[in-house]
Amino acid sequence: MSIYDTLNPEQKEAVLQTEGPVLILAGAGSGKTRVLTHRIAYLIDEKGINPWNIMAITFTNKAAGEMRERVDKIVGFGSESIWVSTFHSSCVRILRRYIDRLGYENNFTIYDTDDQKSLMKEVCKKLNIDTKIYKERAILGAISSAKDNLVGPEEYEKSVMDDYGRKKIAMAYTEYQKELKKNNALDFDDLIVKTVELFQSCPDVLDSYQERFKYIMVDEYQDTNTAQFKFVSLLAGKYQNLCVVGDDDQSIYKFRGANIGNILGFEKVFPRAKVIKLEQNYRSTKTILEAANQVIHNNIGRKAKTLWTDNEIGEPVHYRQFMNGYEEAEYIAGDISKRVREGECEYKDCAILYRTNAQSRMFEEKFLMANIPYRLVGGVNFYARKEIKDLLAYLKTVDNARDDLAVRRIINVPKRGIGAASLSKVQDFADQNGIGFYDALQRADEITTLGRAVSKITPFVTFIQSLRSKLDYISPSELLKDIIDETGYVTELQAEKTEEAESRIENIDELITKVVSYEEECEANNEEISLSGFLEEVALIADIDTVDGDDNRVLLMTLHSAKGLEFPYVYLAGMEDGVFPSYMTIVSDDPTEIEEERRLCYVGITRAMKDLTLTCAQQRMIRGETQYNKPSRFIREIPKELVDLGKNFKERKIKEIPLPKGYQQMKKAIKEPAFMQKKFEVKKASSLSYDVGDTVKHIKFGTGVVKSIIDGGRDYEVTVDFEKAGIKKMFASFAKLKKL
DNA sequence: ATCGCGCAAATTTTT
DNA sequence: TTTGCGCGAT
C-alpha cells in the first residue's frame, strides 16, 4: 500500500494528473495542502522529476514553511531544492538577479506602506497637489490597483480622458515611479509588475526560468490578481504544467485587486485544463460545516458546490449576545479559562477572530487580567514601529546609497540640529546637479547657501561612510550594534525612564535577536550573510509568518489573517451589523461587497474544527463613540436548529442608563430578533431581456451599456457602464434593468 | 531648530 | 480612543 492510497478518489486524481494545466476547486478543509504535498512527492518519487524543476507558490511565508516541512516528511530526497515561496519573495529573488536589465541596481530597496506614503507626500508637494483634497492614501490606492492590473503610468495617462482628479493621479503615478527609480526602490506591487516586465522584455531570462520551473503549483489561487496571474502564466507558458488550487467561496481580497476571473476564466486561458473538485471536508463537524454552507448559500455569484463531511455532528454552534464589548471579552476569556481548567483543551487550540484589528484591545485587556497567554497577530507591524524603522533606515542607508527616503528619515535622528530649511537647500543642490540626496550631502561644503549647517552635516556623512567601509568585514548584527552605540539611540531611551521607552528598548533587543537568528540561519543553510539579504527578509515578513504552533497561547487575529489556518475552538467576535459586515459594505451600492463580507464569514466559520462560538454586543465603543448595533445578518443565515442560544440569553438587563441620543437606535438593537422567521427568496429570471452590448436603463443610475453578464447560478451578475454613474455591478433580479 | 499644544481624522481587510 | 499634523512660542 502506497501513501497515495490514503487519498480519496478526487484527491488522488489531482495528485496523479501531473501533466498539463489543472484547476483544483478545493473547498474549505478538503485537504488541499495534502494534495499539493503528495503531488510534489509523486512528481519526485514516482515520475523522477528533479526537485529543482518544481515551484510551489503560497500566500504567506508561514504556509510556505509548512508546505516545505510536510514535503520533507514524505519525499525521500532533495526536497530542499524545491522552490517554495510567496509571489513576492519569488519575484524578489528573480529581480535581485536580473533587475539591472530594467535599469535598476540589483541591491534595490523595498518600500513598505509607510515609505510609500512619505514618498507620495513629496511627490504631491512637487506637483502642487493639495493632499487635503487628494489624500496620499487614495492616490496610492489608485496606483496600486493600476499596478495590480498591469496598467503602467503611460497607459493610465491615456485612459484618464478629461477627468480632472484622475489626471492628477496620472501625474502623481508618473512622478512616483520616477522617484522610486531614482531611489532605486520598489514598492510591493512593483515586485510583481517589474518581474512581469522583465520576462516580457528579456525572452532569454524568461526562457531560463521556464526551463527551470517545469512544474508549477499555486495555492490560494482565488486571491491572485491580474499581475500575479500574468507572472505564473508566463512561467508556465512553455511546458504548461500549471496546477492551481483555490476556492471561489474563500476569495476575500478583492479589495486588493484579487481577480476572481482568474479562477472562472482559467479554462479560457488554458483550454486543455483539467478541472477537479474536492468537496469532502475533513476538518469540521457536521454542524459547523452545515452552518457554513447555509451562510455561503446566500451568495448569488458563486460556483455551485456543496461540501460534505463524514465527521460527527458535534456541538451546536454557540451564540451569545452581550451588553457591550467588555462583557463579550470577559465571557470569552472565562470560557477559554474554563475549558483549559477542565482539561477540555489547551490555549493553543483556541482562536479569536474579528473583523478589524481595533477589536483586539478589549481581549488583550481581559486576557492579561485572567492570566491567559495569548499571541496577537497583525495590528501594528513590528517592522513598522518607529524605533525599528529608524534603525532599519540606518541599515538601508548603508546598504543602498540611493535610498533618499531612508537618509532623510535618519539624518536628524538622533537630533543633529539639521532642520527642514537645510534639507531643502540640500535637495535644491541635488536637483540642480542631477545627483542623489546623499551625494549632495557628501558635497555639502559646495552648497554655499547652507552656511554653518555644513558643520552639522559633515559628521553625519563621515559616520555613514565609516559604517560603509566596515561593511566588508563586519556582520549585519555587529553593524547594527555599532549604529546603536554610536548614535546613542538606546542610551537616549534609557534616559527617558518611561514605560514607553522601555518597550521600545525591548523592541530594539528583539530586532537584534532577529538579525542574529538571520545570520545563524544563513550559516545553517550555507547561504551568504548579507545586509541586503536581511533587509529583504524583513521587508516581506508578515506577522502571521512568525506564529509558532508549538507555543501554547490563544491566538487573536483578524478573519483575513486566519485564512488557511484551522483551530479546534473558534470564537467569532463582534458579529454585528456595522462591524461585520462592515458599515462600508452595508451602505455600498455594490452588492458584491456584502458578498465578499459573507465569504469572509464563511472563511471564519470553516476555521473551526470542533466548536464554534459567535458573539456580539448591543453597544460598542468605536473610536470613542458608543454605537448600538443589531446582531449580524450572517447570524440569521444560520438555521436555528444548529444553534445553542445559551441559558440566560434573554435574562440580561440593561445596567446603564442609556444616552437619550442613541436611545431609539439602541431599542431597535435590543428588540431585533436574532433569527428571522422566514427567509425571503430571490427568484432568478429564466432569461434576461437584454444582452451584452445593449443599452439599458436603471431607476437610479440612468442609462448605460451592459458590459458583461455572468450566470451566478441563482442569479445573473450584470456589469453596466453608466453614462453618469460609471461602471457598476449588480444582480439582475434586484436591478430591474430595462432594455432601451 | 525644537518643543508642545490643540485640532482633525481615522478604522475594513495585507503581501 | 489614538495618532498625526500644523502652527506658534522658545
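Each chain gets a letter, A, B and so on, in the order the sequences are listed, and its residues count up from 1.
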- Query: For A:Ala421 and A:Gln228, take the nucleotide of DNA chain B holding the closest heavy atom to each; which residue's nucleotide lies nearer the 5' end?
  - Reply: A:Ala421
- Query: Is the shortest side-chain N to carboxylate O distance from A:Asp247 to A:Lys32 below 4.0 Å?
  - Reply: no
- Item | Electrostatic pair A:Lys147-A:Asp190, nearest N-O below 4.0 angstrom | yes
- Message: Does this structure show an ion pair linking A:Arg599 with A:Glu596, if we count only N-O contacts that are shorter than 4.0 Å?
- Response: yes
- Message: With rounding to the closest Å, how many angstrom separate the C1' atoms on B:dT12 and C:dC5?
- Response: 24 Å
- Have a look at A:Asp543 and say if it touches a base, only the backbone sugar-phosphate, or nothing, with a 4.0 Å heavy-atom cut-off. nothing
- Message: Rounding to an integer number of Å, can you tell me how far A:Met621 CE sits from C:dT2 C1'?
- Response: 12 Å
- Message: What contact category does A:Phe580 fall into here, base, sugar-phosphate, or nothing, at under 4.0 angstrom with non-hydrogen atoms?
- Response: nothing
- Of A:Ile418 and A:Arg355, whose closest DNA chain B nucleotide lies nearer the 5' terminus? A:Ile418
- Message: Please classify the nucleic acid contact of A:Thr113 as base, sugar-phosphate, or nothing, using heavy-atom distances under 4.0 Å.
- Response: nothing
- Could you state the atom-to-atom distance from CD of A:Glu136 to P of C:dG4 in whole Å? 13 Å
- Pairing of A:Asp577 and A:Arg633 as salt bridge, 4.0 angstrom limit: yes
- Item | Cationic N near anionic O, under 4.0 Å, A:Glu197 to A:Lys194 | yes
- Looking only at atom P, what distance separates B:dT13 and C:dG4, rounded to whole Å? 15 Å
- Item | side-chain N/O A:Lys121 vs C:dC5 OP1/OP2, d < 4.0 Å | yes
- For A:Lys563, answer base if it contacts any base atom (sugar-phosphate contacts may also be present), sugar-phosphate if it contacts only those atoms, and nothing otherwise; contact means non-hydrogen atoms under 4.0 Å. nothing
- Query: Hey, does A:Asn61 reach any base, or is it just sugar-phosphate, or nothing, if we go heavy atoms under 4.0 Å?
  - Reply: nothing
- Message: Walk me through whether A:Phe255 and A:Tyr253 qualify under ring-ring contact (aromatic ring centres under 6.0 Å, His included).
- Response: CA-CA 5 Å; A:Phe255 73 95; A:Tyr253 283 108; 5.7 Å; yes
- Task: Output yes when A:Arg375 and A:Asp548 qualify as a salt bridge under the 4.0 Å nitrogen-oxygen rule, no when they do not.
- Result: no
- Message: Classify A:Ser89 by what it touches in the nucleic acid, base, sugar-phosphate, or nothing, heavy-atom distance under 4.0 Å.
- Response: nothing
- Task: Would you mind classifying the nucleic acid contact of A:Glu596 as base, sugar-phosphate or nothing, using non-hydrogen atoms under 4.0 angstrom?
- Result: nothing
- Mind calculating the distance between NZ (A:Lys135) and P (C:dG4) to the nearest angstrom? 16 Å
- Counted 5' to 3', the first and last nucleotides of DNA chain B within 4.0 Å (strictly under) of a heavy-atom of chain A are B:dA1 to B:dT15
